[in-house]
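Below is one structure, written out as structure tokens; comments come after it.
Computed from a predicted structure; not experimentally measured.
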Amino acid sequence: MVKKTTLLYTGKAKQVFATEDPDVLWMAYTNQATALNGEKKAQIDHKGELNRAISTLLFKELSAAGIPTHYIDSPDATTMIVKKATMLPLEVVVRNYASGHFVTKFNVKPMMKLDPPIHEYYYKSDELGDPFMNEAQIFALHEATPEQLREVRALTDRINAYLTKRFNEVGITLVDFKLEYGTLKDGTLVLADELSPDNFRLVDQQTGASLDKDVFRQNRGPLTPVYQEVLNRLQGKGAAHV
């Protein structure tokens, strides 16, 4: 296993380290939870372990389904070893159902099905509050090429189809989610960052309860049991319905 060396970056929920291999990074999942663009913060026991476990499971499944990802290995409870990628400075959001800001912005009913699903892009900048970007702005600012964005959209549609079916099989509706992409040194576009309830909006199909970071964001109760519930279902351990 590669060994971590220099700390490169500390984000909201992960630390990223260089390793002895210049093409490999070491990601350490932390217990920090943030919401409202970082205005709300808390340390939550076992959150890092749960996000790492969920992300590992889904990265492995998507890789097996032919989706190129940065995932290499998960040597311990909070660590993920990944291929080094130059990240596109974009957050790619897919909305399958109306929720969150989309409801208030367009005055529609919560959980209204959106057909076809909506793709949105946001410029990844905490300082600027991750502003919305359209394709013309992305191209004019040279944040991605038209070819890259076409590939992003095609991969995102495939990922959405897979994850929607996967969560539906365990009684969960995938309402919306955020993805991030990067390019390897050979130019290959890969799915990167993480795949967890920090980045997904998930709803229990029987109870309507949130199974994601909205629980923390909206002070609905403890977060750890919710993330554990998602992991249990994905691992085939049944649904307890929180």
With rounding to the nearest 0.5 angstrom, report the [atom1] to [atom2] distance, [X] to [Y].
X	Y	atom1	atom2	answer
Arg52	Glu194	CZ	CD	12.0 Å
Ile44	Thr30	CD1	OG1	10.5 Å
Lys113	Thr173	NZ	OG1	9.0 Å

Between [X] and [Y] (salt bridge meaning N to carboxylate O under 4.0 Å), is one present in this structure?
X	Y	value
Lys3	Glu20	no
Lys84	Asp23	no
Asp198	Lys12	no
Lys83	Asp186	no

(request) Only one of Asn160, Asp157, Thr156 passes side chain to side chain donor-acceptor pair (under 3.5 Å) with His119; say which it is. (result)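 The passing option is Asp157.
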(message) Is it the case that the side chain of Gln205 and the backbone of Ile172 share a donor-acceptor pair, with hydrogens and angles ignored and the cut-off at 3.5 Å?
(response)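 Side chain of Gln205 to backbone of Ile172, a donor-acceptor pair under 3.5 Å: yes, one is there.
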Verify the distance criterion only: is there a donor paired with an acceptor across the side chains of [X] and [Y] at less than 3.5 Å?
X	Y	result
Asp76	Thr79	yes
Ser63	Thr69	yes
Glu61	Tyr162	yes
Asn31	Asp45	no

(message) Test: ring-ring contact (aromatic ring centres under 6.0 Å, His included). Region: residues 41-82. Which pairs qualify, not counting sequence neighbours?
(response)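 Residue pairs with at least one partner in residues 41-82: Phe59-His70.
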(request) Tell me whether the centres of the aromatic rings in Tyr97 and Phe102 are closer together than 6.0 Å. (result)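 No - the distance between ring centres of Tyr97 and Phe102 does not fall below the 6.0 Å cut-off.
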(message) Before you tell me yes or no, could you show the steps for Phe200 and Phe167 under ring pair (Phe, Tyr, Trp, His ring centres under 6.0 Å), namely the whole-Å CA-CA distance, both residues' side-chain angles and the distance that decides it to 0.1 Å?
(response) CA-CA 11 Å; Phe200 299 160; Phe167 280 112; 5.8 Å; yes
(request) Report the hydrophobic cluster partners of Val103, with the cluster defined as I, L, V, M, F, W, Y residues connected by side-chain heavy atoms closer than 4.5 angstrom, directly or transitively. (result)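 Traced through the cluster, Val103 reaches no other member.
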(message) Tyr29: which residues meet the ring pair (Phe, Tyr, Trp, His ring centres under 6.0 Å) condition with it, sequence neighbours left out?
(response)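 With neighbours one apart ignored, the set is empty.
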(message) Less than 4.5 Å apart, side chain to side chain, heavy atoms only: is that true for Leu191 and Leu62?
(response)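 Contact flag for Leu191/Leu62 side chains = yes.
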(request) Report yes or no: is the cationic atom of Lys47 (NZ for Lys, CZ for Arg) closer than 6.0 Å to the six-membered ring centre of Tyr227, at no more than 45° off its axis? (result)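 Because its charged atom misses either the 6.0 Å distance or the 45° angle limit, Lys47 does not stack over Tyr227.
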